[in-house]
Asker: 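Below: one structure in structure tokens.
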Amino acid sequence: MFGNSKIRGHHGRFTPEPFDPQKQVAVIRSSICTGEKVAGFRDKHDGHFTEVMLIRSQKDIEEFKRTYGVDSLKTEY
């Protein structure tokens, strides 16, 4: 789940996943044990989480927000 190598593409950039704000919520999932963080989308209906981007710094969070037009992100543990 965390640190999936297919999340990032060539040279650390990632290919944007489709995001539907009507059906999905943008969240950051954080491991309680390691603190590793992944940004992605949780389906509002069934709770399924789709990993999009490994978060290593605040810069990654800002890139995720800018790419998907998200103002704020909730962190889930």
Asker: Would M53 and D60 count as a side chain to side chain contact (heavy atoms under 4.5 Å, CB included) if you check the C-alpha gap in whole Å, the side-chain angles of each, and the deciding distance to 0.1 Å?
Answerer: CA-CA 8 Å; M53 180 178 177; D60 291 336; 3.6 Å; yes
Asker: Could you tell me if R29 sits above the aromatic ring of Y77, with its cationic atom closer than 6.0 Å to the ring centre and no more than 45 degrees from the axis?
Answerer: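 Judged by the rule (NZ or CZ under 6.0 Å from the ring centre, within 45° of its axis), R29 is not positioned above Y77.
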Asker: So, taking the atom named CD1 in I28 and the one named CD in E76, what distance separates them when rounded to the nearest 0.5 Å?
Answerer: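 These two atoms lie 10.0 Å from each other.
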Asker: Does Q24 use its side chain to pair, donor to acceptor, with the backbone of D20 at less than 3.5 Å?
Answerer: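 Checked: pair present.
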Asker: Parallel, tilted or perpendicular, judged at 30° and 60°: which one describes the rings of F41 and F19?
Answerer: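 Rings of F41 and F19: parallel, as their planes differ by under 30°.
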Asker: Closest approach of A26 and F64, non-hydrogen atoms and distance?
Answerer: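 Heavy atoms only, the tightest pair is CB-CE2, 4.0 Å.
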Asker: What is the minimum heavy-atom distance between G47 and R42, and which atoms define it?
Answerer: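 Scanning both residues, the minimum pair turns out to be O-CG, 3.5 Å.
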Asker: How far apart are the closest heavy atoms of G35 and S30, and which atoms are they?
Answerer: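 Taking every non-hydrogen atom into account, O-OG, 3.9 Å.
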Asker: Distance check, rounded to the nearest 0.5 Å: L54 atom CG versus E36 atom CD?
Answerer: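 Here the interatomic distance stands at 5.5 Å.
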Asker: Please find the pair of heavy atoms, one from Y68 and one from V52, that lie closest to each other, and give the distance.
Answerer: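 Shortest heavy-atom separation between Y68 and V52 comes out as OH-CG1, 3.4 Å.
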Asker: Find the distance between CG (L73) and CD (E62) and round it off to the nearest 0.5 Å.
Answerer: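 Taking CG in L73 and CD in E62, the distance rounds to 9.0 Å.
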Asker: In Å and rounded to the nearest 0.5 Å, what is the OG to CD1 distance from S72 to I61?
Answerer: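 That separation rounds to 12.0 Å.
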Asker: Is the count of non-hydrogen atoms from other residues, nucleotides or ligands lying under 6.0 Å from K44 atom NZ greater than 12?
Answerer: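 Counting other residues, nucleotides and ligands, NZ of K44 exceeds 12 neighbours.
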